[in-house]
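I have a structure I would like to understand better, so I am pasting it below and will then ask my questions one at a time.
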Amino acid sequence: MTPPEASQADRQVAAGAPPAVSFRMSVLKKRADFLRASRARRQAMPGFVLQARRRADDEPAQGVRVGFTCSKKVGNAVARNRAKRRLRAIARELLPREGRDGWDYVLIGRREVTASRPYATLRADLSRALDKVHR
RNA sequence: GCGGAUGGCCGGAUGGUCGCGGCGCCCGCGUUCCGCGGGGGUCGAGGAAAGUCCGGACUCCACGAAGCAACGGUGCCGGGUAACGCCCGGGCGGGGCAACCCGACGGAAAGCGCCACAGAAAACAGACCGCCCGCGUGCGGCCGUCCCACGGUCCGCAGCGGGUAAGGGUGAAACGGUGGAGUAAGAGACCACCGCGGGCCCGGUAACGGGUCCGGCACGGCAAGCCCCACCGGGAGCAAUGCCGAAUAGGGAUCCCGCGGGCCUUCGCGCCCAGGGCAGCUUCGGCCCAGGGAUCCGGGUUGGCAGCUCGAGCCGCGCGGGCAACCGCGUGGCCAGAUGAAUGACCAUCGCCGUCCUUCGGGGCGGUACAGGAUCCGGCUUACAGGCCGUCCGCGCAC
C-alpha cells in the first residue's frame, strides 16, 4: 500500500548522532518545511536532486535538518524504499561533516538511478552538490 | 528411459563496520507530572505483505415491527465453515487412450423479444430443385405411307392441374434419428429400437440413476436480452469512532416563557380534528418539531493520545471422529505495530543457475525473481529467478 500522502510521497529518515561534530542532525516531517525547501536552491545530480535553504530567523537556528522525497515516479514500494534508504545512508555519512548548521536539506530520489548507481559515486555526487549549493 | 497428469514445499546463507522502529531493564542528570544523555537486552515484512474481487469481526449512522415493492447478488445436490461467490464429496454434461481436466449446471408446454450471412423456408408452417399421377393445347421424334396434309392406345421436352416432403443444397440450428413395412411417389399415417413426456416400482439424505407400463410425435435455439422461481442482502467505513489542547463562528446542550384549529355546566394540556419530520409504499405502534430569551459548551483544519493488535489466530506432534473439506481433545512453539511511516546501507566469503575455458584440480564472465505491512481475519485472483519432495497415467526397454 502507499502511504497516506502518496501523491506527494515525500519521505523522511532520521539520522544518527555524528561522531565528532558539534551540531546534531534532525528530521524534516512537516509538509510546510518541504514546500519551503522546494522554493529555495536546488542542484540536480545523476542519482538525485538536492534542495537546500538556510532557515529564517524565526526558525530553530541550531542543527542540520534533512528530509527525503521519493514519489511514485521512482517506482513501486520496493523501489521507493530502496532509493530512500540509500539516500539516507549517504546523508548520514556526509551531512554531519559537510552540511552547514542552520540549514535544511531535501534529497529527491530518481527512478532506476538512485537504486543502481554505485555507492561511492552517489556519495561523491552529494559532496559535489553540497559544495555547489553552499556557494 | 521418454512424454504427461496432479498434490505439497522452499524461495538465499554466514560474518564484519555503521544505523533504524517498538517494548522492558540498568546507570547518570534534572527531579512534580515528566524530560535529557549513556549502556545493554529482546522483538521487527510475504507467499503472495500485491490487486482490493467476495465473506466476516469491529465502529458509527439510520425510530421499531410486519407485509409489499424496488435494487443488487447467488443459482445441480449434500457436507464443511463465524461467513462466503470459498473448500470437500457426489451427480450430470463435455474433452482426453489414460492419469486427469473443464462447465453462470434452476426455469424456454408464464409471457415478450431476437435468430445475422447463407438458404426455398428460421418458428408456423410453408415448398426452390426434385419425385409421382393426370391432361396431351404446343414443339420434336417414331409409325400408318416416299413427301405434304391428316391420324396414332407410342416416346421425349415444355406447359397446365394435382399429390408428396423421402432425396438435393444452405446454415450454429431445418419441424425427431435409424431400419422396416407400405405407396403412383411418399409421409409417425403404421411397426421395432433409440430419443421425448408421464405414471408406477427399486436404489440413493439428495442431485440423480435403473427397471417397467403408457402416451403421442406433440415441445428448434438463446434466459451471459428482458423475464419467472428459490435463497441472501440496511448504509458507510479505522481518513470508522472516542478523548485532549490551542486562535476566529454558521452549531449544540440546558432552563424559562411560548407553541395550529375546535369542543365544554366539568377550564383539567381533558377530549376531538389537523400540519411537518423520523432512508420507497401500506398497516400498527412510538417519537420529535414549530417562536423568543437567558446561561453554558464548543466547532470546519492542524497536532497529540486512544482505537492498535492475542484472535473464529498460525505452525508442529500425538490421540479420536469423518471418504474428504474439517471438527474435538492433549501437548510444544510462534505472533511487527510504524504514522513524512522502522525492519536498512556498505563490504567480504559461500551457495544456486546459465555460459565459456580447462592441464579435470579448477578458473573467467553474467544472473540470483515477483514484490514490502498500515484495523484485523477467512478466501479468490494475479506476479514470480531458481529449486526440492510425493502420488498417478501412457509409451518403450528389461524381467
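Proteins get letters first, then strands, A, B, ... in listed order; numbering begins at 1 in each. Because the structure is predicted, anything quoted here is derived from the model rather than measured.
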Practice problem: Assign B/G361 to syn or anti; the rule is syn for a glycosidic angle within 90° of 0 and anti otherwise. | Solution: syn
Quiz item: Which distance, rounded to the nearest 0.5 Å, do you find between the CG of A/Leu95 and the OG of A/Ser127?
Solution: 10.5 Å
Self-check item: Syn/anti state for B/G24 [syn: chi within 90° of 0]
Solution: syn
Quiz item: Under the rule syn = chi within 90° of 0, otherwise anti, which is B/G188?
Solution: syn
Self-check item: Distance, C1' atom - from B/C194 to B/G188, rounded to whole angstrom
Solution: 14 Å
Practice problem: Answer syn or anti for B/A45, where the cut-off is 90° from 0 on the glycosidic torsion. | Solution: syn
Quiz prompt | For A/Asn76, side chain to side chain contact (heavy atoms under 4.5 Å, CB included) partners two or more places apart | solution = A/Val78, A/Ala79
Quiz item: Are OP1 or OP2 of B/G372 and a side-chain N or O of A/Asn76 less than 4.0 angstrom apart?
Solution: yes
Quiz item: Listed by chain and number, what are the side chain to side chain contact (heavy atoms under 4.5 Å, CB included) partners of A/Lys132, not counting sequence neighbours?
Solution: A/Gln43, A/Arg135
Quiz prompt | Rounded distance in Å between the P positions of B/A306 and B/G22 | solution = 12 Å
Practice problem: Quick one: list whatever passes side chain to side chain contact (heavy atoms under 4.5 Å, CB included) with A/Arg41, sequence neighbours left out. | Solution: A/Val133
Self-check item: All salt bridge (charged side-chain N to carboxylate O under 4.0 Å, His left out) counterparts of A/Arg123, not counting sequence neighbours
Solution: A/Glu93
Quiz prompt | Stepwise side-chain contact (heavy atoms from CB on, under 4.5 Å) check, A/Leu107 with A/Leu126 | solution = CA-CA 9 Å; A/Leu107 284 164; A/Leu126 178 59; 4.0 Å; yes
Quiz prompt | Distance, rounded to the nearest Å, where A/Arg80 contributes CZ and B/A49 contributes P | solution = 19 Å
Quiz item: So what's B/A239 paired with, Watson-Crick or G-U wobble, going by both distances under 3.5 Å?
Solution: none
Quiz item: Would B/G311 be called syn or anti, given that syn covers angles within 90° of 0?
Solution: anti
Quiz prompt | Integer angstrom distance from the C1' of B/G41 to that of B/C27 | solution = 15 Å
Got a list of protein N/O to nucleotides 344-346 of chain B N/O distances below 3.5 Å?
from: B/A345; atom 1: OP1; to: A/Arg82; atom 2: NH1; distance (Å): 2.6
from: B/C346; atom 1: OP1; to: A/Arg86; atom 2: NE; distance (Å): 2.7
from: B/C346; atom 1: OP1; to: A/Arg86; atom 2: NH2; distance (Å): 2.7

Self-check item: Watson-Crick/G-U partner (both atom distances under 3.5 Å) of B/G337
Solution: none
Self-check item: Watson-Crick or G-U wobble mate for B/G182, both contacts under 3.5 Å
Solution: none
Exercise. List for me each residue that meets side chain to side chain contact (heavy atoms under 4.5 Å, CB included) alongside A/Arg42, sequence neighbours excluded, and say none if there are none.
Key: A/Ser38, A/Gln51
